[in-house]
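Below: one structure, written as C-alpha cells.
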There are 2 protein chains.
Amino acid sequence: MNVTFNNRDPVYLQVVRYFKEQIATGSIIAGQEVPSRREIAASLKINPNTAQRAYKEMEEQGLIYTERNHPSRITTDQKILNSVREELILQAIDTFLESVKPINVPVDELLALVKEKYVANIEE
Amino acid sequence: MNVTFNNRDPVYLQVVRYFKEQIATGSIIAGQEVPSRREIAASLKINPNTAQRAYKEMEEQGLIYTERNHPSRITTDQKILNSVREELILQAIDTFLESVKPINVPVDELLALVKEKYVANIEE
DNA sequence: ATATTTGTACTATATACTTAATACACTTTT
DNA sequence: AAAAGTGTATTAAGTATATAGTACAAATAT
C-alpha cells in the first residue's frame with residue numbers, strides 16, 4: 001500500500017483515486033475484499049473517519065459493495081470496472097488540456113514536450 | 001477580463017495564474033499598469049482582501065512591483081517574464097504525467113489521445 | 001461464551017481559505 | 001482645499017476538510 005498525498009485535494013478523494021488506479025491497472029479485481037476502514041486508516045496513517053468517508057464515496061460510485069457488517073468488496077459489475085481506466089485517463093487529459101488552453105501552445109510543441117518528459121519521468 | 005474559477009484551488013492563486021497566462025501569451029507586457037485591488041475585486045466579483053492577497057503573492061514572485069501608493073505594474077525584468085510561459089507549460093505537463101503515471105499508459109496511446117482531444121477541444 | 005473485528009454514526013476541535021467591515025497614509029483629480 | 005483613488009493592515013466570522021474520541025449492533029474468531 002503506497003499512497004502519496006498532495007495537499008491540494010481532499011484526502012478522502014485521493015484514497016478513492018488510489019483504488020481506481022488499482023482497478024485500472026488490474027492490481028485489484030472484481031469481488032476482491034478491500035481492507036477494513038480501520039486497517040486502511042492505520043496503514044495510510046489517516047483518520048478512520050476519513051477512510052470511512054472514502055469508502056462511502058466508493059460505495060456511492062458503485063466501486064465497492066458492503067453486506068451488513070461484512071468486509072467491503074470490489075464490485076463485480078464489469079461495466080463499471082472497465083470504465084475506470086478510461087475515465088481516469090480521459091479526465092487527466094481533459095484537466096491537462098484545460099490548463100494549457102489559455103497559453104495557446106501549438107499541438108506539435110505540446111506533444112514533443114509531453115513525449116520528452118514522459119521518457120525522462122520513467123527513467124527517474 | 002475573463003476568469004473561470006474552479007473550487008479546487010484557492011482563489012488568490014487562480015488570480016495569480018490568470019496574470020501569468022496573460023504574461024505568457026503576451027497579452028500584458030513589461031511595465032504595464034495592472035488594475036487596482038479594488039478594481040479587479042469588483043470585476044472578478046471577489047473580495048478585495050483576496051485580490052490583495054493575490055497581488056501580494058505576485059509581488060513576492062517578482063511579477064509585479066509597487067511604488068508606494070501608486071498602481072502596481074508588471075515587472076520589467078525580462079528574465080522573469082520569459083520564464084513564465086515555460087514554467088506554466090512544464091508544470092502542467094508535470095502534473096499531467098504524475099496523474100497518469102500510476103495507470104501505466106503507454107506513451108503512444110497517451111500521445112494519440114492527447115492529440116485527438118487537443119483537436120476536439122479547439123473545435124468547441 | 002467471550003473477545004475481536006466488521007460497518008456506521010455522532011459530536012467536538014483545528015486549520016486553511018474566503019469573506020466582511022474598517023481604518024490609515026499618501027497621490028491624484030477636481 | 002476637498003474628494004476620490006492608490007496600497008496596506010487588522011480583526012472577526014463563515015465554510016470545508018481533517019482529525020480526535022467515542023459509541024453501538026452484528027459477524028467472526030478464539
Side-chain angles (χ1 to χ4, degrees), chain A residues 1-20 28 31-77 95, chain B residues 1 3-20 22 28 30-77 95 99:
Chain A
M1 184 103 2
N2 198 9
V3 187
T4 55
F5 294 111
N6 64 56
N7 326 337
R8 224 170 46 243
D9 305 310
V11 170
Y12 79 96
L13 289 182
Q14 296 186 57
V15 173
V16 172
R17 185 185 170 79
Y18 169 75
F19 276 95
K20 287 187 177 179
I28 51 179
Q32 186 171 332
E33 208 172 87
V34 294
S36 77
R37 278 73 169 163
R38 290 169 178 83
E39 248 177 1
I40 203 168
S43 80
L44 297 183
K45 290 169 187 166
I46 60 176
N47 194 276
N49 294 333
T50 307
Q52 161 64 6
R53 188 158 184 192
Y55 277 32
K56 191 175 186 182
E57 177 70 24
M58 289 197 282
E59 190 122 28
E60 284 168 3
Q61 291 189 25
L63 294 172
I64 63 173
Y65 66 94
T66 311
E67 286 166 1
R68 189 170 174 71
N69 297 316
H70 283 260
S72 302
R73 291 181 174 280
I74 299 294
T75 184
T76 54
D77 185 335
T95 302
Chain B
M1 184 105 0
V3 186
T4 56
F5 293 110
N6 65 56
N7 328 336
R8 226 169 47 243
D9 306 311
V11 171
Y12 78 96
L13 289 182
Q14 296 185 57
V15 173
V16 172
R17 187 186 168 78
Y18 169 75
F19 275 95
K20 286 187 177 179
Q22 297 295 299
I28 50 179
Q32 186 171 331
E33 209 171 89
V34 294
S36 78
R37 277 77 168 160
R38 290 169 177 86
E39 248 177 2
I40 204 169
S43 80
L44 297 183
K45 289 170 187 165
I46 60 175
N47 194 277
N49 294 333
T50 307
Q52 160 65 5
R53 188 158 185 191
Y55 277 30
K56 191 175 186 181
E57 178 70 24
M58 289 197 282
E59 189 122 30
E60 283 168 4
Q61 291 189 25
L63 294 172
I64 62 173
Y65 66 94
T66 311
E67 285 166 3
R68 189 169 176 70
N69 298 315
H70 284 260
S72 301
R73 292 180 174 279
I74 300 295
T75 182
T76 54
D77 185 335
T95 302
S99 74

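In what follows, chains carry the letters A, B, and so on, assigned in the order in which the sequence lines appear, proteins first and then strands, with residues in each chain numbered from 1.
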Identify the pairs formed between an N or O of the protein and an N or O of nucleotides 2-4 of chain C at a distance under 3.5 Å, and give each distance.
none

Rounded distance (nearest 0.5 Å) linking atom CD of Q22(B) with atom CZ of R17(B) | 11.5 Å

Scan for ring-ring contact (aromatic ring centres under 6.0 Å, His included) pairs involving residues 56-77 of chain A, sequence neighbours excluded, and state none if there are none.
-> none

Would you please name every residue forming a side chain to side chain donor-acceptor pair (under 3.5 Å) with R73(B), sequence neighbours left out?
-> E33(B)

Pairing residues for A42(A) by the side chain to side chain contact (heavy atoms under 4.5 Å, CB included) criterion, not counting sequence neighbours | none

If you look at every strand shown and take non-hydrogen atoms under 4.0 Å, does S36(A) touch a base, only sugar-phosphate, or nothing?
-> sugar-phosphate

I'd like a table of atom pairs between the protein and nucleotides 10-17 of chain C - only N or O on both sides, under 3.5 Å - with the distance next to each one.
| unit_1 | atom_1 | unit_2 | atom_2 | d |
| --- | --- | --- | --- | --- |
| dC10(C) | N4 | N49(A) | OD1 | 3.4 |

For T66(B), the side chain to side chain contact (heavy atoms under 4.5 Å, CB included) test, sequence neighbours excluded, returns R37(B), E59(B), S72(B)

For P10(A), check side chain to side chain contact (heavy atoms under 4.5 Å, CB included) against everything at least two apart and list the hits.
-> Y12(A), L13(A)

Once you round it to whole Å, what is the distance between P of dT5(C) and CD of E33(A)?
-> 14 Å

Q52(B) CD to dT6(D) C1', in whole Å, measures 11 Å

Nearest-Å distance for atom pair CZ/P, residues R38(A) and dT6(C) = 7 Å

So which pairs with a foot in residues 41-51 of chain B pass salt bridge (charged side-chain N to carboxylate O under 4.0 Å, His left out), sequence neighbours left out?
-> none

Does N47(B) have any side chain to side chain donor-acceptor pair (under 3.5 Å) partners at least two apart in sequence or in another chain, and if so, which?
-> N49(B)

Sorted by chain and number, sequence neighbours left out, side chain to side chain donor-acceptor pair (under 3.5 Å) with Q61(B) holds for K20(B), E57(B)

What residues in residues 54-75 of chain A put a non-hydrogen atom under 4.0 Å from any atom of DNA chain D?
-> R68(A), N69(A), H70(A)

Output all residues satisfying side chain to side chain contact (heavy atoms under 4.5 Å, CB included) with N69(A), sequence neighbours left out; order by chain, then residue number.
-> none

